[in-house]
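Have a look at the structure below, then the notes.
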Protein chains: 2
Amino acid sequence: MPAVKKDPLDQVFMALADGTRRQIVKRLAQGELPVSDIAKDFEMSLAAVSKHIKVLENAKMVSRRVEGRQHFLSLVPEQLADALDWISIYRNFWLKRMDALAAIVETNIENQED
Amino acid sequence: MPAVKKDPLDQVFMALADGTRRQIVKRLAQGELPVSDIAKDFEMSLAAVSKHIKVLENAKMVSRRVEGRQHFLSLVPEQLADALDWISIYRNFWLKRMDALAAIVETNIENQED
DNA sequence: CTATTGTTTAACCATTTAGTTAAATATAGA
DNA sequence: TCTATATTTAACTAAATGGTTAAACAATAG
């Protein structure tokens, strides 16, 4: 167990910082799936996939429903929404920047001779 | 240097998976700042802050303008926008889920006796 | 030239991450 | 019960992360 509690956003962004885990999220967005179905998509061992799933669970992005020997995973939207919210705060910032850039580009095009 | 090139999204999400770096992003959203100004907000050494900045630069989220001995940092919007885009793909997914949840809650409230 | 300021780089260390293989656990089927 | 299936856990390893202090570098000031 971790000595100190991590910020939930730390965990969500960390979970997303890995292509394998992003692919898992992608697949789970289509609907619930058992571990083995997810593992089929990857070349690594089942144990490795199992660990990736655990990371997503710890970040509260995925939940598990055990039915017999199969563990069905599903996406939990809340934490992802929080991550989106965090980034969204900077939307205005970059929209302004991009508009400014677009304006510069357009001005230059207008002033071109051919 | 890294042996293999990392997926840019890996780097952006990894950069965001640290509270210190998120605070740096927050401050830079207000405008350009020299390294020392940023470092003032944190209890860690300047060298540590310098490393965090390097992580943000490697992720192409921050750019540097050297003027004399001061290095001014600014936010670069594109990569953050890409991260937002990635998460946004799942917006419909969770909106649907949340609506469903809201509907259930409302139904239960309607059926309550007091 | 020398000292001071702003910043990075180097060397080091503890912890975490991402993978491995092998063993353990739990359920289902013959 | 014995065996196969679904999955986790343990033990290990290599590499990355996040911090430290000390040294190096660059630019300005006296």
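What you are looking at is a predicted structure, and each value in this text was computed from that prediction instead of being measured. Below, chain A is the first sequence line, B the second, and so on; all start at residue 1.
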Review point. So, are B:K60 and B:E78 salt-bridged, with charged N and O less than 4.0 Å apart?
Key: no

Point to revise | Atom pair distance, as rounded to whole Å: CG in B:L16 and P in D:dT17 | key: 14 Å

Practice item. Could you tell me the separation between the CD1 atom of A:I53 and the C1' atom of D:dT7, rounded to a whole number of Å? Key: 9 Å

Review point. Within the distance-only criterion (no hydrogens, no angle test), does the side chain of A:R64 pair as donor or acceptor with the backbone N or O of A:H71 below 3.5 angstrom?
Key: no

Practice item. Ignoring hydrogens and angles, answer whether the base of C:dT7 and the side-chain atoms of B:R69 contain a donor-acceptor pair closer than 3.5 Å. Key: no

**Study point:** Between C1' of D:dT7 and CZ of A:F72, the distance in whole Å
**Key:** 13 Å

Review point. Nearest-Å distance, CZ (A:F13) to P (D:dT17)?
Key: 17 Å

Exercise for review: Please tell me which of the listed nucleotides, D:dT7, D:dG18, D:dT8, lies nearest to the side chain of A:R64?
Suggested key: D:dT8

Check your understanding: Taking OP1 and OP2 of D:dT20, is either one under 4.0 Å from a side-chain nitrogen or oxygen of B:S45?
Key -> yes

Point to revise | Carboxylate-amine/guanidinium proximity below 4.0 Å for A:D37 and A:R27 | key: no

Check your understanding: In whole angstroms, how far is the C1' atom of C:dT16 from the CG atom of A:D10?
Key -> 13 Å

Point to revise | Under 4.0 angstrom between B:K54 side-chain N/O and C:dT7 OP1 or OP2 | key: no

Review point. What integer distance in Å separates B:E43:CD from D:dG18:C1'?
Key: 16 Å

Point to revise | Selection from C:dT20, C:dT9, D:dG19 that lies nearest to any side-chain heavy atom of A:A47 | key: C:dT20

**Study point:** Side-chain donor or acceptor of B:R22 paired with backbone N/O of B:L16 under 3.5 Å
**Key:** yes

Revision key, fill the gap. Side-chain contact check for A:Q70: nearest option of C:dT7, C:dA18, D:dT7 is D:dT7

Practice item. Rounded to the nearest angstrom, tell me the gap between atom CG in B:L46 and atom P in D:dA24. Key: 18 Å

Review point. Hey, does the side chain of B:H71 come within less than 4.0 Å of C:dG6's phosphate (OP1/OP2), counting only N and O?
Key: no

Review point. Given side chains that start at C-beta, do those of B:V76 and B:M61 come closer than 4.5 Å, heavy atoms only?
Key: no

Point to revise | Protein-nucleotide distance (A:D18, atom CG; D:dA16, atom P), rounded to Å | key: 14 Å

Check your understanding: In terms of the nearest nucleotide of DNA chain D, which residue is placed more toward the 5' end: A:E57 or B:K51?
Key -> A:E57

Review point. For DNA chain C, whose closest nucleotide is more 5', that of B:V35 or that of A:T20?
Key: B:V35

Point to revise | side-chain N/O A:S36 vs D:dT7 OP1/OP2, d < 4.0 Å | key: yes

